Amino acid sequence: MKRCTMARITVIPDDDWDGDLGELYPRVVDRSYGRVDHILAIHSLSPRSMAAHQSL
């Protein structure tokens with residue numbers, strides 16, 4: 001899986017999400033833009049933290 005750096009924060013590009021991240025994608029994608037917001041992409045290295053963020 002490739003990684004990119006956004007504002008010095010390493011994230012996994014949302015078009016490379018698979019496994020646990022792939023399962024979360026439909027819940028976090030911004031349907032207006034077809035992309036994941038940067039604030040949520042920060043969690044891409046830890047799908048567990050992204051799921052916890054979404055449950056708030």
Side-chain angles (χ1 to χ4, degrees):
M1 186 177 307
K2 69 181 181 179
R3 297 178 184 202
C4 65
T5 301
M6 172 181 60
R8 298 186 192 164
I9 299 171
T10 301
V11 299
I12 298 171
D14 54 318
D15 53 347
D16 287 343
W17 288 13
D18 57 11
D20 290 339
L21 280 175
E23 291 176 22
L24 289 168
Y25 185 83
R27 293 175 33 199
V28 299
V29 69
D30 182 331
R31 299 195 193 290
S32 305
Y33 298 102
R35 304 297 293 184
V36 175
D37 291 330
H38 292 163
I39 195 69
L40 293 174
I42 291 169
H43 293 288
S44 66
L45 296 177
S46 176
R48 191 169 162 201
S49 72
M50 182 180 291
H53 182 102
Q54 284 302 109
S55 70
L56 294 175

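All values below were derived from every heavy atom in this structure, side-chain atoms included, with hydrogens, water molecules and symmetry-related copies excluded. One is the number of the first residue; the rest follow in order along the sequence. Computed from a prediction, not measured in an experiment: that's the story for all the values here.
- For the pair Val28 and Trp17, the minimum side-chain heavy-atom distance is below 4.5 Å.
- Evaluation of the salt bridge (Lys or Arg N to Asp or Glu O under 4.0 Å) test over residues 10-39, restricted to residues two or more places apart or in two chains, returns Asp14-Arg35.
- Residues Ile12 and Tyr33 are members of separate hydrophobic clusters, defined by side-chain heavy-atom contacts under 4.5 angstrom among Ile, Leu, Val, Met, Phe, Trp and Tyr.
- For Val36 against Ala41, the heavy-atom pair with the smallest separation is CG1-N, 3.9 Å.
- Taking each heavy atom of Gly22 and Pro26 in turn, the nearest pair found is O-CD, 3.5 Å.
- Residue pairs meeting the side chain to side chain donor-acceptor pair (under 3.5 Å) criterion with at least one partner in residues 43-53, sequence neighbours excluded, are His43-Ser49, His43-His53, Ser46-Ser49.
- By the 4.5 Å heavy-atom criterion applied to side chains, His38 and Ile9 are not counted as neighbours.
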